[in-house]
Amino acid sequence: MKKNIKFILISILLIALACVSLVGCTKVPKLTGGDPNATTYNNNSLVVSQGDYIYFVNGKISVDDIATKKDNKYGNVVKSAIYRAKKDGSDVQVLVPQVAMDSNNSNGISVLGNYVYFTSPSTTTGKDGTLQKTNTDFYRVEISGKNLKKIATIQGNTNQYKFTDKGLFYLLNNELVYVPYKGKKKVIAENVSNTYFPVTSTYVPGSSDASMAVYYTQSPEENDGNPYNDLKCVNADGEVKDIVSGKEGDISYSIKSVESEADGSVAVYYEKTPYDNGRNEVVGLFGIKVNKEFAKSADEKQFANKNATVRYISYNEGVYVFEYNKMYIPVIENGIAKEGSVVYKLYTSDSASIPSTDIFAIREENGKKFMYYFASNALLKVEMLADSLGMAEEIIEANIVTDYVKPVILGNTFYYINSGYYNYMYSFDLLAEGAKHSIVGVRTDADKAQYIKFVQDMDEDAKADHDKLIKEDLPAEEFKK
């Protein structure tokens, strides 16, 4: 009998200890379904697709919205928590009831195999009791919502970082650091001044491409002061790979972008600065292809002249160059980039100019090429005709949050944070005639009450416009109370 009592007491003690663990005694989601072997699309964004589901950040908050630990306590959070839903918008369920990101964070969430990876403002306190909310916690959790684990905490909330399927990379105080999910943290390189953290937007479990790495340049200690550096990368296992060296020719590389290619390789774009009798001058934008084994798989090509503003297409097709309200794919002659045969003038038929920084997407629809772009928090669309653009069409007239993690397109569905309706995630079918805007997740009780009052206070014309644009997600009875 005494043994049984002792066993019960020990069990109670273990339960009590569990209640002061990472997630406390809050009910942990235990979602069923999901396919960890499915290909993931649109990683490092606000909405990620895997199998039959999308995983998304429910809404936007700022770090100023977190005043106390309670505001980011696991189990308390709805807005900016991570949710899961079927692609048709049904079966909405909370996955992580905790803040995922804040307005200071430019990266999104990622789904790699069986895990969702995200950041959250830290809830630790300093010696003076101040909440260290501008520091960043890194987490991963199973797609079922179980086994939430903190990977690391670092100072600041604007640091570059990358989740891979084997470990976390981040840049802190000019040190490139690697934290394996199994093993000890290590510093990959010190005094790093040029790094690029590519996005592994599409992830095939067991077959990650060469974007599952971090690329950087480093001047060797043994270069005896010669003005050159080496271009390297560190893969998901924390192994450093040499790609090209500037030793022959005294060349320094400056990485501009690393873009995934269809064959699983990446195109590494960089500017070159050769040293010549005391002169250092950038000679243009160049690039090479790097395969899954992180070896150079195609010879160097020049893509544009120095200091060009570009939009990357692919290693074979080239890049778009923006110049004087026009966009073109250059032709290289004797090392100099010149206009190609097709030049798109970046103003529409109604003479509206389109800055290159406002272009959101270029995509084909029904055999035609279209450009989507933002203008004053609206989304517009224009057909890309030969040597010109057509008449712009306004797709969404206002309230798109564009100064945060950018909106995304999955298939024909546009996902965005709607500032006009309390900064929640909304979706809109770009091609369906008469499509309405739909909230993707759920509102807090406070925001629900405000929304109901907002609609109740509308005049007849405003209510008619609202009903035409917004697909109602609350029962009609709620608005009659």
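By convention here, the first residue in the shown sequence is residue 1.
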If we ignore angles and hydrogens, is there a donor and acceptor under 3.5 Å between the side chains of [X] and [Y]?
{"X": "Tyr416", "Y": "Asn418", "result": "yes"}
{"X": "Asn147", "Y": "Glu142", "result": "yes"}
{"X": "Asn316", "Y": "Ser314", "result": "no"}
{"X": "Ser49", "Y": "Asn42", "result": "no"}
{"X": "Thr125", "Y": "Lys69", "result": "no"}

Name all pairs fulfilling the side-chain hydrogen bond (donor to acceptor under 3.5 Å, both in side chains) condition that reach into residues 178-189, sequence neighbours left out, sorted by first residue then second. none
Return the [atom1] to [atom2] distance between [X] and [Y], rounded to the nearest 0.5 Å.
{"X": "Tyr426", "Y": "His437", "atom1": "OH", "atom2": "NE2", "value": "10.0 Å"}
{"X": "Gln93", "Y": "Ile82", "atom1": "CD", "atom2": "CD1", "value": "14.5 Å"}
{"X": "Leu380", "Y": "Ile396", "atom1": "CG", "atom2": "CD1", "value": "10.0 Å"}
{"X": "Met458", "Y": "Lys453", "atom1": "CE", "atom2": "NZ", "value": "12.0 Å"}
{"X": "Leu379", "Y": "Asp358", "atom1": "CG", "atom2": "CG", "value": "11.0 Å"}
{"X": "Glu472", "Y": "Tyr451", "atom1": "CD", "atom2": "OH", "value": "3.5 Å"}

Ignoring hydrogens and angles, write down the donor-acceptor pairs under 3.5 Å from the side chains of residues 202-209, residues two or more places apart or on other chains.
unit_1 : atom_1 : unit_2 : atom_2 : d
Tyr203 : OH     : Asp165 : OD2    : 3.1
Ser207 : OG     : Lys292 : NZ     : 3.4
Asp209 : OD1    : Ser211 : N      : 2.8
Asp209 : OD1    : Ser211 : OG     : 2.4
Asp209 : OD2    : Ser260 : OG     : 3.4

Tell me whether [X] contacts the main-chain N or O of [Y] through its side chain, where contact means a donor paired with an acceptor under 3.5 Å.
{"X": "Ser110", "Y": "Asn44", "value": "yes"}
{"X": "Asn58", "Y": "Met425", "value": "no"}
{"X": "Asn159", "Y": "Leu172", "value": "no"}
{"X": "Asn72", "Y": "Pro121", "value": "yes"}
{"X": "Asp237", "Y": "Glu239", "value": "no"}
{"X": "Glu433", "Y": "Leu431", "value": "no"}
{"X": "Glu478", "Y": "Ile452", "value": "no"}
{"X": "Gln50", "Y": "Leu112", "value": "no"}
{"X": "Ser120", "Y": "Val99", "value": "yes"}
{"X": "Thr40", "Y": "Val111", "value": "yes"}

Here's one to test your reading of the geometry: is the NZ or CZ of Arg140 within 45 degrees of the ring axis of Tyr115 and under 6.0 Å from its centre? yes
[X] versus [Y]: any side-chain heavy-atom pair under 4.5 Å?
{"X": "Tyr55", "Y": "Val47", "answer": "no"}
{"X": "Phe163", "Y": "Asn107", "answer": "no"}
{"X": "Ile188", "Y": "Val177", "answer": "no"}
{"X": "Arg84", "Y": "Val92", "answer": "no"}
{"X": "Ile66", "Y": "Asp64", "answer": "no"}
{"X": "Pro29", "Y": "Pro97", "answer": "yes"}
{"X": "Lys241", "Y": "Val234", "answer": "no"}

Is the [X] ring parallel, tilted or perpendicular to the [Y] ring (thresholds 30°, 60°)?
{"X": "Phe303", "Y": "Tyr269", "result": "perpendicular"}
{"X": "Phe294", "Y": "Tyr215", "result": "tilted"}
{"X": "Tyr253", "Y": "Tyr270", "result": "perpendicular"}
{"X": "His466", "Y": "Tyr421", "result": "tilted"}

In chain order, what residues pass the side-chain contact (heavy atoms from CB on, under 4.5 Å) check against [X], with sequence neighbours excluded?
{"X": "Asp447", "value": "Lys79, Tyr422, Tyr424, Arg443, Thr444, Gln450"}
{"X": "Ala295", "value": "Asn291"}
{"X": "Thr32", "value": "none"}
{"X": "Asp65", "value": "Ile61, Ser62"}

Results of side chain to side chain donor-acceptor pair (under 3.5 Å) for [X] - residues two or more places apart only:
{"X": "Thr164", "value": "none"}
{"X": "Asn194", "value": "Thr217"}
{"X": "Ser297", "value": "none"}

Looking at Lys289 and Asp263, is there a salt bridge between them, counting it only when a charged N and a carboxylate O are closer than 4.0 Å? yes
Chi angles and distances behind the ring-ring contact (aromatic ring centres under 6.0 Å, His included) call for Tyr170, Tyr161: CA-CA 4 Å; Tyr170 62 82; Tyr161 66 87; 8.9 Å; no
Would you please test Phe374 and Phe360 for ring-ring contact (aromatic ring centres under 6.0 Å, His included) and show each step? CA-CA 7 Å; Phe374 298 120; Phe360 168 60; 5.0 Å; yes
Across all chains, not counting sequence neighbours, the salt bridge (charged side-chain N to carboxylate O under 4.0 Å, His left out) partners of Lys70 are none
Run the ring-centre check on Phe118 versus Tyr139 and record whether the distance is less than 6.0 Å. yes
I'd like to know whether Thr136 forms a side-chain hydrogen bond (donor to acceptor under 3.5 Å, both in side chains) with Asn157, so could you lay out the CA-CA distance, the side-chain angles of the two residues, the decisive distance to 0.1 Å, and finally the verdict. CA-CA 6 Å; Thr136 303; Asn157 54 10; 5.7 Å; no
Stepwise, does the salt bridge (charged side-chain N to carboxylate O under 4.0 Å, His left out) test hold for Lys133 with Asp71? CA-CA 11 Å; Lys133 60 184 180 180; Asp71 295 326; over 6 Å; no
Just to verify, what does Tyr41 make a ring pair (Phe, Tyr, Trp, His ring centres under 6.0 Å) with, not counting sequence neighbours? none
For Lys87, I'd like to know if atom NZ has over 12 heavy atoms of other residues, nucleotides or ligands within 6.0 Å. yes
Pair up each side-chain donor or acceptor in residues 398-415 with any protein partner under 3.5 Å, not counting sequence neighbours, and list the distances.
unit_1 : atom_1 : unit_2 : atom_2 : d
Lys406 : NZ     : Thr402 : O      : 2.9
Asn412 : OD1    : Arg363 : NH2    : 2.7

